[in-house]
Amino acid sequence: MKIDIVSIFPTFFDVLDISLLGKARQNGVINLDVHDLRDFTFDRHRTVDDTPYGGGAGMVMKPEPWGLALDEILGITEGQAQDDQAKKPADQDAPAQTDADAATTAADGSIPPLVIFPSPAGDVFNQAMAKELAHEDHLVFGCGRYEGIDQRVFDYAEQHARVRLVSLGDYVLNGGEVATMAMIEAIGRLIPGVVGNPESLTEESHEDGLLEYPSYTKPSTWRGQEVPPVLLSGNHGAIEKWRYEQRVERTRRVRPDLLPPE
Ligand SMILES: O[C@H]1NC=Nc2ccccc21
């Protein structure tokens, strides 16, 4: 999988050089590039934001740097970008191809990249979405800051790729970087070859709708607390039954909303 990230804080993603995702990058299982949005500015202050039209507090991210960053990442030629600006009215007889249609299959019939803009206004990220996105060939994460990105950037991106706004949850973050990191970890670990033992991906919280069972390791007695005897019994059937019961009980107690309807 190819992953591109655009951010004004590129060093935020240095952590992706270590651990499982770092190994996946070294092995070529994941090809990840981080782009500094300020590299697509040309003024002395490398300006990426400005005051909002219509007034209001805060600043809005300017469209120009984003347009150039997306052009580079999506392989949009300067001419194509200018063509888009000077797009002639469609031929009345030609079947109307909406921008969305244009973005779902590229000229060579390939599936264009998926551009994800983390946003509180997006679909809430979950394990089902992580599994879906793990099948993508090319993900682009556009990390917004300030009060957000000029709307025309999303509209421009939709002319050349598939675009999704994704929220990490119903709470307020300062920008898209934390959300992008969480999504890359959740998606990346599902890509074959990233996690050593694929079996470890099965009995996990949210994988099949149930939370995971409690885990124990040596010593069997610790500060007066014993490991549940069934786990020391060697009776694999009884252990499997106990673990399933623990998953159901914990889910019922902590996240009853995850349980299937009775
Ligand atoms: O405000 C946050 N809520 C949830 N997800 C987000 C993603 C990107 C930026 C900001 C947020």
Side-chain angles (χ1 to χ4, degrees), residues 1-16 21 30 32-41 46-70 73-74 103 113-136 138-158 160-191 205-206 211 254-255 257-258:
M1 178 186 284
K2 170 77 170 113
I3 299 176
D4 287 289
I5 303 171
V6 182
S7 169
I8 58 172
F9 298 118
T11 57
F12 185 95
F13 297 97
D14 288 355
V15 73
L16 292 176
L21 289 175
I30 292 177
L32 186 142
D33 287 312
V34 184
H35 308 263
D36 184 345
L37 184 66
R38 294 190 194 277
D39 288 347
F40 298 93
T41 63
R46 308 182 84 201
T47 308
V48 292
D49 63 315
D50 205 333
T51 52
Y53 277 123
M59 302 289 272
V60 174
M61 299 191 96
K62 294 168 59 61
E64 299 97 324
W66 279 103
L68 293 172
L70 291 172
I73 292 167
L74 299 176
L114 177 64
V115 182
I116 295 174
F117 290 102
S119 164
D123 300 318
V124 178
F125 186 69
N126 58 25
Q127 189 66 13
M129 194 187 296
K131 287 167 133 177
E132 177 194 338
L133 297 180
H135 293 292
E136 290 287 343
H138 185 182
L139 293 177
V140 180
F141 289 90
C143 300
R145 279 270 154 176
Y146 308 106
E147 299 309 311
I149 303 171
D150 186 299
Q151 177 61 37
R152 290 168 292 182
V153 173
F154 304 116
D155 301 339
Y156 179 75
E158 284 190 344
H160 301 281
R162 294 168 294 137
V163 175
R164 282 186 83 167
L165 270 60
V166 180
S167 166
L168 205 52
D170 295 336
Y171 42 84
V172 182
L173 300 172
N174 292 327
E177 285 78 7
V178 167
T180 294
M181 186 73 80
M183 286 190 264
I184 287 178
E185 174 148 330
I187 295 163
R189 62 195 299 279
L190 298 177
I191 296 172
S205 291
H206 305 292
L211 300 181
V254 176
R255 287 294 304 275
D257 58 298
L258 293 178

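Worth knowing before you read on, the calculation uses all heavy atoms, side chains too, and leaves out hydrogens, waters and symmetry mates. Atoms within a ligand are numbered from 1 in the order they appear, just like the ligands themselves.
Of all atoms in ligand 1, listed by their number and element, those nearer than 4.0 Å to a heavy atom of Tyr171 are 1 (O), 2 (C), 3 (N), 4 (C). With ligand atoms numbered from 1 in the order given, ligand 1 contributes 4 (C), 5 (N) to contacts under 4.0 Å with heavy atoms of Leu168. For ligand 1, the atoms closer than 4.0 angstrom to any heavy atom of Gly169 are 3 (N), 4 (C). Contact atoms of ligand 1 toward Pro118: 7 (C), 8 (C) (distance under 4.0 Å to a heavy atom of the residue). For ligand 1, the atoms sitting less than 4.0 Å from at least one non-hydrogen atom of Ser167 are 4 (C), 5 (N), numbered in the order shown with element in parentheses. Of all the atoms in ligand 1, the ones that sit under 4.0 Å from a non-hydrogen atom of Val172 are 1 (O). Shown in contact with Gly176 at under 4.0 Å from a heavy atom are these atoms of ligand 1, numbered in order with element: 8 (C), 9 (C).
The environment of Tyr53 atom OH is sparse: at most 12 non-hydrogen atoms of other residues, nucleotides or ligands sit within 6.0 angstrom. Atom CG of Asp170 sits in a sparse spot, with 12 or fewer heavy atoms from other residues, nucleotides or ligands closer than 6.0 Å.
For atom 10 (C) of ligand 1, the closest non-hydrogen atom of the protein is Pro120 CD, 3.6 Å. Given atom 9 (C) of ligand 1, the protein heavy atom at minimum distance is Gly175 O, 3.4 Å. For atom 7 (C) of ligand 1, the closest heavy atom belonging to the protein is Ser119 N, 3.5 Å.
When side chains are defined from C-beta on, Leu32 does not count as touching Met1, because their heavy atoms never get closer than 4.5 Å. Side-chain atoms of Ile8 and Tyr146, non-hydrogen and from C-beta on, do get closer than 4.5 Å to each other.
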Open item on the list: side chain to side chain contact (heavy atoms under 4.5 Å, CB included) for Ile30 and Ile3? Distances and angles first, verdict last.
Closed with: CA-CA 7 Å; Ile30 292 177; Ile3 299 176; 4.0 Å; yes
TODO: Take Asp49 and Arg145, measure what salt bridge (charged side-chain N to carboxylate O under 4.0 Å, His left out) needs, and give me the verdict at the end.
DONE: CA-CA 9 Å; Asp49 63 315; Arg145 279 270 154 176; over 6 Å; no
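Residue-to-ligand polar distances keep Ala179 apart from ligand 1: every N/O pair is separated by 3.5 Å or more. Residue Leu173 has at least one nitrogen or oxygen atom sitting less than 3.5 Å from a nitrogen or oxygen atom of ligand 1, judged on distance alone.
Distance alone, capped at 3.5 Å, places no donor-acceptor pair between the Arg164 side chain and the Ile116 backbone.
In this structure, Phe117 and Phe154 have perpendicular ring planes: the angle between them is above 60°, well past the 30° mark.
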